[in-house]
Amino acid sequence: MPTFQSPRGTTDRLPAEQKYWRYIEGKAMDVARRFGYGRIDSPMFEDAGLFIRGVGEGTDIVEKEMYVFEDRGGDMLTLRAEGTAPVCRAYLQHGMSNQPQPVRMYYICPVFRYERPQAGRFRQHHQFGIEAIGDPDPSVDAEVIELAWTFMHDIGLSDMTLVTNSIGDPECRPEYIRSLKSYYEKRQAHLCQDCKTRLERNPLRLLDCKVETCRALGEEAPKSTECLCNDCDSHWNRVQSYLDAMGIANRIDHRLVRGLDYYTRTVFEIQPAVEGAQSTLLGGGRYDGLIEQLGGRPTPGIGFGSGIERLALNVQRAEVDVPDEPSPQYLIATIGEEARVAGVRLANRMRAVGVGAILANGGRALRGQMRQANALAVSGVLILGQDEVRDGTVMVRDMSTSSQEALTIEDFLNNVAVE
RNA sequence: GCGAGCAUAGCCAAGUGGUCGAAGGCGCCUGUCUGUGGCACAGGAGAUCACGGGUUCGAAUCCCGUUGCUCGCCCCA
């Protein structure tokens with residue numbers, strides 16, 4: 001056991017895993033571009049109050065999962081616990097309400113939560129997320145969901161389920177929660193221990209309990225979509241009709257609720273067809289009250305976040321064909337000290353014209369250097385020995401065809417630079 | 001915060017009280033092949049058997065504690 005290990009719940013992303021990240025991030029950036037979303041990078045830490053106000057005091061994230069610390073100046077800061085609140089803060093801070101609405105932004109960044117790590121769950125994880133701020137229209141809901149769905153397909157995860165629901169707004173939700181509570185209070189005897197506390201603290205959460213008896217009760221429970229006020233109801237119906245028009249199938253699940261206080265109206269998740277723990281790959285919804293909560297004028301918004309670690313896991317499980325990272329182009333093998341100098345110089349000139357070159361371990365016999373070339377999967381080897389140094393040439397060996405020819409250094413450089 | 005399992009070289013792993021001064025495989029290095037890779041063969045390096053304590057004549061192996069990891073619950077991405 002080494003003296004130091006990466007902190008609990010964090011991982012080193014080793015070179016061998018990079019291709020999955022490069023792939024997913026590349027697809028994310030491309031889909032964002034096609035939908036007109038611009039990148040935003042916000043700080044890794046924020047005023048702790050931002051998350052407390054934004055995400056909600058009663059939520060698990062705020063109550064027991066945030067990394068909060070006081071800096072040397074006495075400010076209370078917190079490691080980014082979530083993606084949406086910082087973007088909304090930036091929207092306000094930079095006066096983005098003066099730009100054409102909605103303002104469309106995406107981010108790819110680490111998120112920190114103090115949790116017990118397990119499969120697909122970490123203390124530092126990474127999210128790709130988008131936000132569309134400043135437009136209440138249901139077509140924006142449909143656009144955000146379309147983007148999410150397109151993204152999943154683009155990275156090769158087609159066997160997914162899109163789940164949607166509407167949880168109303170401050171006008172109709174209190175009424176709904178009242179009827180939900182009274183439904184469950186009458187059946188309290190059948191509830192699991194956790195649900196008995198949920199009844200008091202967070203009644204919406206009763207709906208997505210996984211205990212079998214609670215599930216059964218949840219099936220029959222009052223549905224939020226049946227208690228929507230007129231505005232929420234028409235919004236919800238229009239979102240559904242736009243999704244229909246695009247042929248995006250979704251399962252309406254009245255038990256879908258989400259754990260952050262700021263959600264209003266549309267909420268959605270994307271899950272793999274095979275059920276399992278930590279199955280949510282992407283989750284989001286509308287947050288029409290959040291900006292106001294953060295001190296701005298009432299401003300609607302909607303977005304989603306998706307966990308890149310979970311996406312990468314599923315991409316690997318689905319055996320998606322992910323392109324390999326490019327292997328080094330050339331390895332320079334040298335024999336003797338004189339050739340070593342020539343090799344160093346050749347590598348330097350190649351890199352200057354944009355060609356990848358690495359110097360073989362010169363202490364090894366040529367045979368060993370060739371083995372190294374093979375292990376590194378380079379496409380070509382450049383051999384420099386006494387003869388080559390004397391003639392000003394280099395032996396250029398193509399590793400796939402095993403053919404080689406002697407070229408002058410100048411000819412070689414001219415040829416590779418053109419490629 | 002709660003529950004369960006696991007911990008032997010970089011990786012996979014045999015070993016359940018003495019024959020372990022720890023097998024085997026992958027990977028790494030060297031040689032067979034004095035300047036030419038992939039295959040094969042031979043050799044080599046690499047392990048305080050997670051840590052601490054206990055039981056025993058004797059512990060990788062049994063017991064206790066600690067730490068770490070993994071999985072589940074909660075919650076979330």
Side-chain angles (χ1 to χ4, degrees), chain A residues 1-11 14 16 24 55 58-66 80-84 108-129 148 192-195 197-198 201-202 205 208-211 257-260 269-272 276-284 303-314 331 333-336 339 360-361 363-389 395-404 406:
Chain A
M1 191 67 61
T3 312
F4 293 110
Q5 289 185 70
S6 58
R8 178 152 217 217
T10 67
T11 54
L14 302 174
I24 291 168
V55 178
T59 59
D60 275 17
I61 290 183
V62 169
E63 237 174 37
K64 45 193 192 193
E65 295 179 358
M66 291 204 310
R80 177 169 42 226
E82 185 269 340
T84 301
I108 296 172
C109 65
V111 173
F112 304 87
R113 289 179 203 161
Y114 186 84
E115 303 188 81
R116 286 285 291 269
Q118 57 187 263
R121 202 176 73 181
F122 307 92
R123 290 187 173 175
Q124 176 181 351
H125 77 278
H126 298 76
Q127 290 193 16
F128 162 51
C192 71
Q193 208 48 49
D194 284 335
C195 278
T197 55
R198 287 187 182 112
R201 302 197 48 191
N202 197 348
R205 283 263 150 223
D208 64 355
C209 181
K210 285 167 193 118
V211 175
V257 296
R258 296 190 45 78
L260 290 72
E269 283 187 4
I270 293 178
Q271 305 162 355
Q278 281 77 52
S279 60
T280 302
L281 298 184
L282 180 151
F304 69 72
S306 64
I308 300 180
E309 283 81 358
R310 290 185 188 176
L311 293 172
L313 192 69
N314 279 270
L331 181 94
T334 62
I335 306 152
N361 185 335
R364 303 167 67 167
L366 182 58
R367 173 183 191 72
Q369 299 185 53
M370 292 301 291
R371 278 185 173 160
Q372 189 184 358
N374 198 57
L376 292 171
V378 296
S379 43
V381 175
L382 306 175
I383 301 165
L384 290 167
Q386 274 192 333
D387 300 346
E388 288 79 11
V389 171
M395 187 63 75
V396 182
R397 182 176 180 85
D398 183 317
M399 291 300 277
S400 54
T401 62
S402 295
S403 60
Q404 61 184 38

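Throughout, protein chains are lettered first and strands after them, A, B, ... in sequence-line order, and every chain is numbered starting at 1.
- Rounded to the nearest Å, the gap between the P atom of U8(B) and that of A50(B) is 6 Å.
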Side-chain donor/acceptor pairs under 3.5 Å, residues 372-379 of chain A, sequence neighbours excluded:
| residue | atom | partner | partner atom | Å |
| --- | --- | --- | --- | --- |
| Q372(A) | OE1 | N361(A) | N | 3.0 |
| S379(A) | OG | Q329(A) | O | 3.0 |

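- Comparing atom distances between the N374(A) side chain and each of C75(B), U70(B), G38(B) picks out G38(B) as nearest.
- Using a 4.0 Å heavy-atom distance criterion, L282(A) is classed as a sugar-phosphate-only contact.
- Without hydrogens or angle criteria, T334(A) side chain to L384(A) main chain gives no donor-acceptor distance under 3.5 Å.
- The phosphate of G3(B) (OP1 or OP2) has no side-chain N or O of R116(A) nearer than 4.0 angstrom.
- G72(B) and G18(B) are spaced 37 Å apart, taking the P atom of each and rounding to whole Å.
- Among the atoms of the strands shown, none is found under 4.0 Å from any heavy atom of F304(A).
- Nearest to the side chain of R371(A), among U32(B), A77(B), U36(B), sits U32(B).
- Look at CZ on R8(A): it is 12 Å from C1' on C71(B), rounded to the nearest Å.
- Judged by distance alone with a 3.5 Å cut-off, a donor-acceptor contact links the side chain of Q404(A) to the base of U36(B).
- G15(B) and C6(B) have their P atoms separated by 15 Å, with the value rounded to a whole Å.
- Q372(A) comes within 4.0 angstrom of no nucleic acid atom, judged by non-hydrogen atoms across all strands.
- Comparing the C1' positions of A9(B) and G27(B) gives a spacing of 11 Å, expressed to the nearest Å.
- At the phosphate of G72(B), OP1 or OP2 sits under 4.0 Å from a side-chain N or O atom of Q118(A).
- One interatomic measurement links the two molecules: CE of M399(A) to P of G38(B), which rounds to 9 Å at whole-angstrom precision.
- For R397(A) (side chain) and G380(A) (main-chain N/O), no donor-acceptor pair under 3.5 Å exists by modelled atom type.
- Between the P atom of C75(B) and the CD atom of E269(A) lies a distance of 13 Å, rounded to the nearest Å.
- Here G35(B) is the nucleotide among G35(B), C28(B), A40(B) with the atom lying nearest to any side-chain atom of E388(A).
- For the OP1/OP2 pair of C75(B) and a distance below 4.0 Å, the side-chain nitrogens and oxygens of R198(A) include at least one atom meeting the criterion.
- Taking atom P on both nucleotides, A7(B) is separated from U61(B) by 12 Å, rounded to a whole Å.
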Donor-acceptor contacts, no H, no angles, side chain residues 59-66 of chain A, under 3.5 Å, sequence neighbours left out:
| residue | atom | partner | partner atom | Å |
| --- | --- | --- | --- | --- |
| T59(A) | OG1 | G56(A) | O | 2.7 |
| T59(A) | OG1 | V62(A) | N | 3.4 |
| E63(A) | OE1 | R201(A) | NH2 | 3.3 |
| E63(A) | OE2 | R201(A) | NH2 | 3.2 |

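- Atom CZ of R258(A) sits about 8.0 Å away from atom CZ of R205(A), to the nearest 0.5 Å.
- Taking the C1' atom of each, G46(B) and G25(B) are spaced 15 Å apart, rounded to whole Å.
- Remark: P of A77(B) and CZ of R80(A) are 14 Å apart, rounded to the nearest angstrom.
- Summarising the geometry, the separation between CZ on R205(A) and P on C73(B) is reported as 14 Å, rounded to the nearest angstrom.
- At the phosphate of C29(B), OP1 or OP2 sits under 4.0 Å from a side-chain N or O atom of R364(A).
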